There are 2 protein chains.
Amino acid sequence: MVTIYDVAAKAGVGMKTVSRVLNNEAHVRPAMKDRVMKAIDELGYRPNLAARQLAASRSFLITFILSDVFSSYQTSMLVAASTECRLRNYHLVVEVRDQDETAERLVERVTANLRPDGIMLVPPLCNDAAIVRAIESKGTRLVRVASTLSGYGDIVPVRDTDVSHEMVAHIAATGKSRIALIAPPFDKAAASERVTGYRSALADARLPYRADYVVKGDFTFASGKAAAEQLLALPEPPDAIFATNDAMALGAMAAARQIGLDIPRDIAIAGFDDSPGSRTMYPPLTTVRQPIPGMARNAISVLLGHADALEELVPELIIRGSTQPGAAAEVHGEDM
Amino acid sequence: MVTIYDVAAKAGVGMKTVSRVLNNEAHVRPAMKDRVMKAIDELGYRPNLAARQLAASRSFLITFILSDVFSSYQTSMLVAASTECRLRNYHLVVEVRDQDETAERLVERVTANLRPDGIMLVPPLCNDAAIVRAIESKGTRLVRVASTLSGYGDIVPVRDTDVSHEMVAHIAATGKSRIALIAPPFDKAAASERVTGYRSALADARLPYRADYVVKGDFTFASGKAAAEQLLALPEPPDAIFATNDAMALGAMAAARQIGLDIPRDIAIAGFDDSPGSRTMYPPLTTVRQPIPGMARNAISVLLGHADALEELVPELIIRGSTQPGAAAEVHGEDM
DNA sequence: ATGAAAGCGCTAACAC
DNA sequence: GTGTTAGCGCTTTCAT
């Protein structure tokens, strides 16, 4: 094993100098730096993380807590966060919340022996007040992506209002006039940006807002299917449904299909997330692509204290065949 | 910070004794053990991983390398592996293979400063010979799940032949007689267990094996769609398609849908993996559920040297509406 | 079966 | 700017 001593000896300098070079600290003469770098290269020296952790009492680790309920959104975030960590010489540790594990136990075990420098939470866990409080009590840094909850930790926001407005405007532009919404489960659904965008677009298109056209779901396929069944059973059923995530939109598609409706002729359907499933339907689902890599980048930046240069992120409307006949028949299929 | 010294002092023993208790080593009198445990509890002592790593030169870390191409299979494995690690006081670090990153660079960076005690690879990366060789050259322990490639590292096998046979037998039992196969991309496709099961089931059902009914795919939606288009354009098209994974099966469903075929009446379709997408289709996809938690458990066991008690694992046939009208209309929808 | 002492490879604090 | 000296909190010899 090549240690920092060997490098120091080879370069003919003290070991603190090597350490300075390794950590990109200031006050190192370029010539010195080169000499050290050369020695590092020639020796094939690799710093030992455990030793750095112990001496610096930093772990260079970020913990990402995954809920036990799957979503492609979560895993996309995970992948993006891992990629981001690597660019900063950090590593991402995954911990999965066990079913019926209390928030306290979860946070305790995640925090106890690994001592991550920070924890990253995405929906739905980032909206779990007990978890957030437990992390606060441990004093571990926390970043929460797209959280609808205030409280401990930095929050990386997403602006969903405009793109939701755009979505509903697009649907209206295809000639639909009875556009229903499958809303998020939040108590005050009106607080959701996606709902706000829906309402403002209706107003812009001079379409009436009808309370019976808004049904809450809980972001699952089953809830979307149930909501759509309810909507389609209305005396005057909608001719379009905007579901606030893809899983619910797929549920709505299944409900429509089951009673023999043609999509999008009889009923247009749109979702939100650009999940793999949205691309492997026929017709493929019109949806919104979140700027996930950027969100993860922002999250890790915040966690590591570089909150200065956060990116401005804009979700993107993806129009496909479920709202526009003939649109984007050639969707990229990904292995899923 | 409570250290092992504090515990030793409080319990009135030497620190090696505390260490022995913590590591479940032999030669500790029960009374002694209790005394130490009590002190640990009262002090709320938590071992410091970094210090253990440094002293023991073990990291208590397993690295899971994710390919940049998504699959629910991969992420299910990841989750299961993380859960399994936690039960053994290990932690799972995720690293994502960058596009156009060489195998050597990938393994170098994954191995260099974190020094995981083992690496876990699942398809498709576990079949990348260059990566396997690079890991071998680092001397890091490796376990590969369901690999079709021999070479360095332990392999956790899956037995797909029987369930594939069962699948094709099921399709034949529904009255279909022209059953096509979308095969894996492997060079010698006949080497695949799924293909073997297909052929033996055809033989059992006294159905002819037709070379024009077997088309290779590459496990993506697009390849499945293309393969199905080719099959459906045959002078005598098949009345059923068994795709060797779900993504390709969904591609086949899209192809069938596009030309107005009814599933399963005109064409039955089945997949393999029980991916989230298989459950959010209408009709839901008949498929095979792999025993993923067990596979992950076996993989981590092997990696940690407990290769003794490996579980015998059996994949499960999941019959749904895409092959059997009226079957399982009520599929669990998961958020995806 | 238990204890004492010596590091593991690095960074922090300070001296120069 | 650069070098020296102490540890970080554990496990590992090796005594006893």
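Note on naming: letters A, B, ... go to the chains in the order of the sequence lines (proteins, then strands), and numbering restarts at 1 for each one. In this text the structure is predicted, and so the values were computed from the model without any measurement.
Put simply, A/Arg29 has no side-chain N or O that comes within less than 4.0 Å of OP1 or OP2 on D/dG1. An OP1 or OP2 oxygen of C/dG3 is reached within less than 4.0 angstrom by a side-chain nitrogen or oxygen of B/Thr17. Phosphate proximity of D/dC8 to B/Asn48: absent, as no side-chain N or O sits under 4.0 Å from OP1 or OP2. Between B/Ser19 and the phosphate of D/dC10, there is no side-chain N or O to OP1/OP2 separation shorter than 4.0 Å.
Taking five base pairs at each end of the helix from C/dA1-D/dT16 to C/dC16-D/dG1 and finding the rotation axis that steps the C1' atoms of four pairs onto the next four gives two axes whose angle is 30°, to the nearest 10°.
Within a 6.0 Å radius of CE in B/Met37, other residues, nucleotides and ligands contribute 12 heavy atoms or fewer. The environment of A/Arg88 atom CZ is dense: over 12 non-hydrogen atoms of other residues, nucleotides or ligands sit within 6.0 angstrom.
Computed from coordinates, the B/Asn23 CG to D/dT11 C1' distance equals 8 Å when rounded to whole Å. The CZ-P distance, from A/Arg58 to C/dA12, rounds to 8 Å in whole Å. Per the geometry, CG belonging to B/Asp6 stands 9 Å off P belonging to D/dG9, to the nearest Å. With rounding to whole Å, B/Glu25 atom CD is found 11 Å from D/dT13 atom P. Note: CG (A/Leu54) to P (C/dG7) measures 17 Å, nearest angstrom.
Side chain of B/Met32, nearest nucleotide from C/dT2, D/dC10, D/dG3: C/dT2.
Nearest-nucleotide assignment on DNA chain C puts the 5′-proximal partner with B/Tyr5, out of B/Tyr5 and A/Tyr45.
Ring geometry for B/Tyr90 versus B/Phe60: interplanar angle of 30 to 60°, hence tilted.
In terms of polar N and O atoms assigned as donor or acceptor, the side chain of A/Arg20 comes within less than 3.5 Å of the base of D/dG3 in a complementary pairing.
At the heavy-atom level, B/Ser57 lies nowhere under 4.0 Å from the strands shown. Residue A/Met15 is classed as a base contact, given a heavy-atom separation below 4.0 Å to a base.
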Mind listing the side-chain donor-acceptor pairs of residues 121-128 of chain B below 3.5 Å, one per line with the distance, residues two or more places apart or on another chain?
from, atom 1, to, atom 2, distance (Å)
B/Asn127, OD1, B/Ser147, OG, 2.7
B/Asn127, OD1, B/Thr148, N, 2.9
B/Asn127, OD1, B/Thr148, OG1, 3.3
B/Asp128, OD1, B/Ala130, N, 3.0
B/Asp128, OD1, B/Ile131, N, 3.1
B/Asp128, OD2, B/Arg97, NH2, 2.9

